[in-house]
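To keep things clear, I will list the structure first and then write my remarks on it.
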Number of protein chains: 2
Amino acid sequence: MLDERKKIILKITVKDYIESAQPVSSRILAKKYLLGWSPATIRNEMADLEEEGYLIQPHTSAGRIPSDRGYRFYVDFLLDNYELYDEDIEVANSIIFYSIDWEGLLRKVAELISERTAFIGVVLFPQLDKTTLKKIEFIDLKEDAVVIIVTTSTGVVKEKIVRLSNSMSEEEFKDLRIELNSRFENRKLQEIYWTLSKEKIDLKIPIEIKNGILDVLQDLLYTEREEGVFVAGVSKILQHLEFQNINKVKTLLNVLEEEKIISSLLFTSYLRKGLTILIGEEISIPELNDCSIITTVYSLGENTIGSIGMIGPKRMKYERSLAFVELIGKTLSERLTQLLGD
Amino acid sequence: MLDERKKIILKITVKDYIESAQPVSSRILAKKYLLGWSPATIRNEMADLEEEGYLIQPHTSAGRIPSDRGYRFYVDFLLDNYELYDEDIEVANSIIFYSIDWEGLLRKVAELISERTAFIGVVLFPQLDKTTLKKIEFIDLKEDAVVIIVTTSTGVVKEKIVRLSNSMSEEEFKDLRIELNSRFENRKLQEIYWTLSKEKIDLKIPIEIKNGILDVLQDLLYTEREEGVFVAGVSKILQHLEFQNINKVKTLLNVLEEEKIISSLLFTSYLRKGLTILIGEEISIPELNDCSIITTVYSLGENTIGSIGMIGPKRMKYERSLAFVELIGKTLSERLTQLLGD
DNA sequence: TTTTAGCACTCTCCTTTTAAGACTGCTAAT
DNA sequence: ATTAGCAGTCTTAAAAGGAGAGTGCTAAAA
């Protein structure tokens with residue numbers, strides 16, 4: 001863990017870089033922010049931070065910029081309080097005044113996000129999720145391995161082999177099977193996923209099996225997912241400094257036109273049911289290495305049905321972006337529930 | 001009109017530029033195409049062509065490139081026979097194998113166009129066109145001016161003042177009104193537009209009034225049009241040489257994200273009911289000055305219901321593009337009629 | 001009268017040079 | 001543990017130079 005001074009230096013470095021888009025030098029840090037340490041001291045600290053992977057030096061005689069790890073640390077531990085501009089709140093609330101069709105509303109939300117932030121707004125179509133669980137079955141392979149077999153109402157069967165750290169008796173398997181089936185039979189896959197993935201669950205189940213089932217469920221949900229997305233404001237992203245290079249733009253546009261890629265990103269957030277953020281390489285799409293993605297879900301009544309998000313450069317104001325996306329998600333859910341809730 | 005030699009030189013200049021993307025020099029023309037005239041002669045001819053506005057010289061010591069006027073002349077008078085690659089035909093015919101939903105089919109068509117040509121594919125949603133004519137009325141203002149008043153089934157009233165070159169008697173107005181109303185009452189606006197805009201029509205009607213009615217109809221149709229469009233393959237356009245400049249890309253993307261603009265371009269083609277082509281400034285959208293747009297219509301049975309098109313750089317192979325778009329339009333119409341025709 | 005050879009001139013584009021400026025890392029002093 | 005000072009590195013912008021491509025014009029040839 002970083003000591004206090006390193007944290008301060010990292011935090012200010014990230015903030016300054018987000019603002020200025022210029023590699024941050026020790027001199028700037030000392031002079032602009034009156035930290036009370038000399039440039040030389042700060043230089044030493046920054047060299048340490050670079051060694052530990054939080055900062056990067058574009059070239060020998062340049063200042064430093066945050067690495068993905070640096071941004072991640074910043075987002076996880078150094079963020080100031082969320083700050084919402086009054087106008088952001090106003091814009092989010094304006095959703096309440098739209099009563100166009102379902103599709104039109106979602107499209108409007110994507111446009112709203114992009115207009116207000118000058119980043120890209122994305123919306124995943126509502127997931128139908130009618131598929132329910134038919135049965136969970138186990139086959140004991142001995143040698144502490146077991147096959148999990150899941151059958152769904154749509155007739156799809158999927159299995160997965162799992163290794164156990166502690167062996168289980170015939171009896172225990174039987175109990176677990178009965179318990180799981182009685183509890184989850186005919187329930188929606190998404191609901192089961194959600195219940196199982198909660199930290200606390202009053203069910204005696206080995207962690208490996210639990211994770212195995214979760215994997216299978218995710219797999220099933222993923223292949224049957226609704227892939228439709230709205231992507232709005234692609235042209236807006238070009239005004240940012242990181243996209244002045246034509247080749248970057250090309251590869252970026254390529255990715256953004258692949259609905260499958262965007263929908264799969266949003267789908268992950270949908271399954272996790274919460275505000276999520278991916279930074280640079282965490283997205284696992286090389287073309288989006290300069291971007292961060294913030295997503296959250298929207299729901300109809302009690303049911304999470306889809307997700308929305310924002311794609312922008314890593315160099316974004318996270319406090320504001322996170323708060324804004326979260327707010328939009330909530331407001332959209334309210335509006336949908338109000339319009340269509342039972 | 002240009003003499004034979006100028007035509008040949010213009011034609012080859014355009015063709016070579018489309019192929020090479022380099023300003024075409026007199027030397028290239030003489031040497032590569034063995035025209036039998038010396039570079040000096042060709043130089044003189046090219047200077048003439050420039051003076052008449054068919055060619056442009058990027059700078060003093062460069063070859064020449066076609067102006068919009070040059071492209072237009074080429075497309076109107078110098079085109080070789082349409083050439084369809086076998087693969088283009090195959091791709092167009094593949095439409096027949098899609099039987100996904102209506103919307104999916106249209107989206108697929110836009111993608112097909114862009115995939116096959118590496119340009120942008122666009123599709124205008126089907127126009128509902130339920131609006132019919134209620135009444136056409138005239139008010140004689142004397143002094144050879146008359147107000148045309150058109151009322152529609154949706155209750156919209158629109159009028160237009162028209163000047164006449166030959167005055168009409170009270171009697172003639174009455175006859176015309178009766179004739180027009182008996183003939184067009186309760187007919188769809190689009191149908192009336194189409195009938196009236198035909199060259200030959202067995203109806204005694206002053207040209208000014210006819211054009212006035214057409215204007216009003218176009219206006220009515222335009223404001224009530226379905227604005228939805230699909231735009232596919234925006235990223236593909238970036239591989240072309242004319243879009244290597246980041247600022248051009250920005251403005252281009254801006255326009256392409258404006259559905260209203262694209263739909264209005266397509267709507268014009270829809271009203272004209274045929275294969276149309278606009279080159280550069282003819283499009284009247286500064287951001288598309290480097291582009292040409294080829295559009296055609298698609299129909300369900302006898303009824304034209306929408307239009308499709310392609311947006312690419314002016315420097316495109318017109319023979320192929322025109323043929324391809326036309327073919328796609330026809331094939332799509334056949335497929336739609338087969339799927340949904342009554 | 002039309003065509004062509006020849007040449008001076010122009011403009012682009014690429015490479016090289018030069019210089020200024022921004023920071024760092026390291027050393028030695030505090 | 002901190003800091004001043006300085007040599008060294010790298011970027012960036014501007015300037016200079018030179019090759020190459022192509023034209024317009026003139027005067028000669030057809």
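Throughout, protein chains are lettered first and strands after them, A, B, ... in sequence-line order, and every chain is numbered starting at 1.
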I'd like to check A:Leu275 versus A:Leu322 (side-chain heavy atoms, cut-off strictly below 4.5 Å). Are they in contact?
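A side-chain contact under 4.5 Å exists here.
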Taking the side chain as everything from C-beta on, heavy atoms only, tell me whether B:Lys250 gets closer than 4.5 Å to B:Asn247.
yes
State, without any angle test, whether [X] and [Y] hold a side-chain donor-acceptor pair at a distance under 3.5 Å.
{"X": "A:Tyr54", "Y": "A:Thr13", "value": "no"}
{"X": "A:Ser307", "Y": "A:Thr295", "value": "no"}
{"X": "A:Ser235", "Y": "B:Glu257", "value": "yes"}

Please report the distance, rounded to the nearest Å, between CG in A:Leu49 and C1' in C:dG25.
16 Å
Could you list where the contact with chain A starts and ends along DNA chain D, reading 5' to 3', using a 4.0 Å heavy-atom cut-off?
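That gives a stretch of D:dT2 to D:dT11.
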Base-contact (B) and sugar-phosphate-only (S) positions in nucleotides 7-24 of chain C, heavy-atom cut-off under 4.0 Å, - elsewhere
---BBS---------BBB
By side chain to side chain donor-acceptor pair (under 3.5 Å), which residues pair with B:Thr268, not counting sequence neighbours?
none
More than 12 non-hydrogen atoms from neighbouring residues, nucleotides or ligands closer than 6.0 Å to CD on A:Glu281, yes or no?
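Counting neighbours around CD of A:Glu281, 12 or fewer heavy atoms of other residues, nucleotides or ligands fall under 6.0 Å, so no.
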Please check if atom CG in B:Asn81 has more than 12 non-hydrogen atoms from other residues, nucleotides or ligands closer than 6.0 Å.
no
